[in-house]
Amino acid sequence: MSQLITELFKGKIEEVLKAHYPSLFKKIDINLEPTRDKQHGDYATNLAFLLSREFKKSPREIAKELLPYLNQALQGIAQGKVAGGGFINFVLEDSVLLSSLKEILKEKERFGESDTGKGEKIQVEFVSVNPTGPLHVGHGKCAAFGDALARVLKKAGFTVEKEYYINNAGRQTDLLGLSLEVRTRQILGEEVEIPEDGYRGEYLVEIAREVLKERGKDILSLPDEERTQLFKELAIEKIMGQIKGDLENFRVQFDVWFSEKSLFESGEVDQILTLLKERGYTFEKEGALWLKTTLWGDDKDRVLIRENGSPTYFTSDIAYHWNKWKRGFFRVIDVWGADHHGYIPRMKAAIQALGIPEDFLEIFIVQFVTLLRAGQPERMSTRQGEFIPLRQLVDEVGVDVARYYFLMRDPATHLEFDIEVAKKQSMDNPVYYIQYAHARICSVFQERQRQGFTEYLGEEKIAGFYNQEEREIAKKLIYFPEIVKRSAISRQPYLICNFLYNLAGDFHAFYNLHRIIDKDKPIESYFRLVLCRVTQIVLKNGLDLLGITAPDSM
RNA sequence: GCGCCUGUAGCUCAACAGGAUAGAGCAACGGACUUCUAAUCCGUAGGUUGUGGGUUCGACUCCCGCCAGGCGCGCCA
């Protein structure tokens, strides 16, 4: 894989600093970034501002001093100029851009990869919805985020495992089983009511019908304990089946489906309790066993074992994270819905109570989605049985659009998702804008076929840019691996969305201004076709990271 | 009351771990298809970055106070 351009750059700048400012070179965090304004060249550094503090000289003066050395070190890569109050602006040599394009041609679908992650094992656990109902739109946002994040991390050189934690133990699942039994009885005409905290969603009626069809009504005459257990298992099995189906339909696949129940069966929950007791972080009060989470900044201590002797969800969660730790991950990332954010301090505390470094666990909170339809907000809550299933949204707008809308923003912010806008196949819709660029390129290649313009002129004919628009595209393309890297490190897949959107914009602008295939100018045409090919590769690779298709025609 | 998230153009959002004149799309207005997909492009207009202080060469960005909205504060999960 090719070296990241800014890293190459920074290495050279460091050499200069080392040679001329040896005392400072370690202290300074070189900031080199692509310029926002083309007038300022391709890359800029604020180095002189940082040095001026130490040397008590004006930044501009320092920049001027530094410039000859930098230009010498960057010979053949870029040349700099001093601008503004002390910025040093660099213009990349065309030859660097051109050779990078050739590398993209060679790397194809691998382009964008880097060794940022050094193969470190990292786990992304997401969705992990209680199997008490189908996935709704909010879960979709978690699913899109977790999945894209995993893809991005992998591209950046991490070894990634995607995991779903199945909450198949505890009181909620008991209630679920009970609710299903009630629904089944209701179908048979019995006058029974769903328990107060039970699940009232229509989906249980459906499942009840299935159960009756498959098992017959004899199921209801089984002995109490057996019957309760069976209804619980059936409910979980059916609902997990639905959830898996919904996720697959949404192009989300998991490497591991981890069962909460297994933590009890393996004795890990008991082990964790013993461990915490041994470490001296537990105490008894009011008949319950508590963990001193306040030692690590939690608001209050938390119950591990209830007065009635049963462990809380928190306890199995601790065992779960202990299990993750034992599996040798370098980091684990939990993606949680916004309603769980109050849970973060206690989980972080638990990690530390176990003696695990705090930064082992990263928790990302995904804020809610507000669905709009004709200006009417639609609310979601699994408990009340009022929600828009993910499946329904996907049926309406498609997987590509749904995924893109969920991914295009920082998940920590509230998302307004207007179904009507998303359905429009128009410029309101950024997904189509990006996909359209890809389809257009495909169509250019079809046109090439039709015109019989198929001769291969060879790399040596890639001589130089014919206009500014081509150069802009090339500049953007070579930055893709760095965007992937940044996206991975900051855990923000939406950077990929922004990048692709801008790249598509540059391509559309180029396309409208310049004829690509011109039989009278074969070398020029050939170069532009190469540029198209390379753009196509990057668009495709970027869309892959988002789990979105790159259509050949639209 | 406490905690977390959010506040940028009429609307939806950018601004890359403080950088140069705060940018896109939509909506409005005006242009570009006998030529590789007009789901596109080009242009005009639109701003006291919620508000008051502070930190510094420089603040949408960091710190403190206020205001507004969302969410959470169970021996539920």
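In what follows, chains carry the letters A, B, and so on, assigned in the order in which the sequence lines appear, proteins first and then strands, with residues in each chain numbered from 1.
Among the nucleotides B/rA20, B/rG25, B/rA77, the one closest to any side-chain atom of A/Ala44 is B/rA20. Here the side chain of A/His341 is nearest to one of B/rA39, B/rC4, B/rA77, namely B/rC4. Closest approach to the A/Arg346 side chain among B/rC75, B/rA20, B/rA77 is made by B/rA77 (side chain taken as heavy atoms from C-beta onward). Taking only side-chain atoms of A/Ala509, from C-beta outward, the nucleotide of B/rA77, B/rC42, B/rG72 with the closest atom is B/rC42. Distance from the side chain of A/Tyr313 is smallest to B/rA77 among B/rC57, B/rA77, B/rU40. Distance from the side chain of A/Asn89 is smallest for B/rA20 among the nucleotides B/rA20, B/rC75, B/rC36. In the set B/rU40, B/rG74, B/rC4, the nucleotide with an atom closest to the side chain of A/Tyr436 is B/rU40. Side chain of A/Thr35, nearest nucleotide from B/rC5, B/rG72, B/rA20: B/rA20.
Not a single donor-acceptor pair under 3.5 Å links the side chain of A/Thr45 to the backbone N or O of A/Asn89.
Judged by Watson-Crick or G-U wobble contacts below 3.5 Å, the nucleotide B/rC13 has B/rG23 as its partner. Remark: B/rU35 base-pairs with no nucleotide in the shown strands. Criterion, Watson-Crick or G-U wobble with two distances under 3.5 Å. Nucleotide B/rG30 forms a pair with B/rC42, judged by Watson-Crick or G-U wobble geometry with both contacts under 3.5 Å. Of all nucleotides present, only B/rG3 satisfies the Watson-Crick or G-U wobble test against B/rC71, with each distance under 3.5 Å. If you check B/rC66 for Watson-Crick or wobble pairing at under 3.5 angstrom, you find it paired to B/rG50.
Spacing between B/rU61 and B/rC5 at atom P, rounded to whole Å, works out to 16 Å. For the P atoms, the distance from B/rG70 to B/rG30 is 40 Å, rounded to whole Å. Comparing the P positions of B/rA59 and B/rA20 gives a spacing of 10 Å, expressed to the nearest Å. Rounded to whole Å, the separation between the C1' atoms of B/rA39 and B/rU44 comes to 24 Å. Only the P atoms considered, B/rC11 is 14 Å distant from B/rG7, to the nearest whole Å. Here the separation of B/rA9 from B/rG52, taken at their P atoms, is 16 Å to the nearest Å. For the P atoms, the distance from B/rC71 to B/rG46 is 37 Å, rounded to whole Å. For the C1' atoms, the distance from B/rC26 to B/rA45 is 15 Å, rounded to whole Å.
A salt bridge links A/Lys475 with A/Glu472: the closest approach of a Lys/Arg side-chain nitrogen to an acidic carboxylate oxygen falls below 4.0 angstrom. With respect to A/Glu7 and A/Lys10, no salt bridge is recorded, no charged nitrogen being found less than 4.0 Å from a carboxylate O. Ion pairing of A/Asp552 with A/Lys540 is absent here, as no side-chain N (NZ or NE/NH1/NH2) approaches a carboxylate O to less than 4.0 Å.
Pairing each heavy atom of A/Thr293 with each of A/Lys300, the nearest pair is OG1-O, 2.9 Å.
Between the OH atom of A/Tyr501 and the C1' atom of B/rU40 there is a distance of 11 Å, rounded to whole Å. The CZ-P distance, from A/Arg515 to B/rU40, rounds to 20 Å in whole Å. Put simply, CG on A/Asp339 is 15 Å from C1' on B/rG3, counting in whole angstrom units. Rounded to an integer number of Å, the gap from A/Arg60 CZ to B/rA20 P is 17 Å. Spacing between atom CD1 of A/Ile344 and atom P of B/rC4 amounts to 10 Å, rounded to whole angstrom units.
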Quick one: what's the B/S/- string for nucleotides 10-15 of chain B, heavy-atom cutoff under 4.0 Å, read 5' to 3'? --SSSS
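B/rC33: glycosidic angle within 90° of 0, hence syn.
With hydrogens and angles left out, the side chain of A/His340 and the base of B/rG72 share no donor-acceptor pair within 3.5 Å. Between the side chain of A/Asp299 and the base of B/rG3, no donor-acceptor pair under 3.5 Å is found.
Annotation: cation-pi geometry satisfied between A/Arg533 and A/Phe445 (NZ/CZ under 6.0 angstrom from ring centroid, within 45° of ring axis).
Taking the six-membered ring for Trp and the full ring otherwise, the centers of A/Phe364 and A/Phe126 sit at least 6.0 Å from each other. Between A/Tyr43 and A/Phe90, the ring centre distance reaches or exceeds 6.0 Å.
Between the side chains of A/Ser310 and A/Asn308, at least one donor N or O sits under 3.5 Å from an acceptor N or O. Between A/Glu268 and A/Tyr320, the side chains place no donor N or O within less than 3.5 Å of an acceptor N or O (distance only, hydrogens not considered).
Using a 4.0 Å cut-off, no side-chain N or O of A/Tyr433 falls inside it from OP1 or OP2 of B/rC26. The phosphate of B/rC2 (OP1 or OP2) has no side-chain N or O of A/Lys300 nearer than 4.0 angstrom.
Comparing A/Gln367 and A/Phe314 by the nucleotide of RNA chain B whose heavy atom lies nearest to each, the residue mapping closer to the 5' end is A/Gln367. In terms of position along RNA chain B, the nucleotide closest to A/Tyr511 lies nearer the 5' end than the nucleotide closest to the other residue of the pair A/Arg306 and A/Tyr511.
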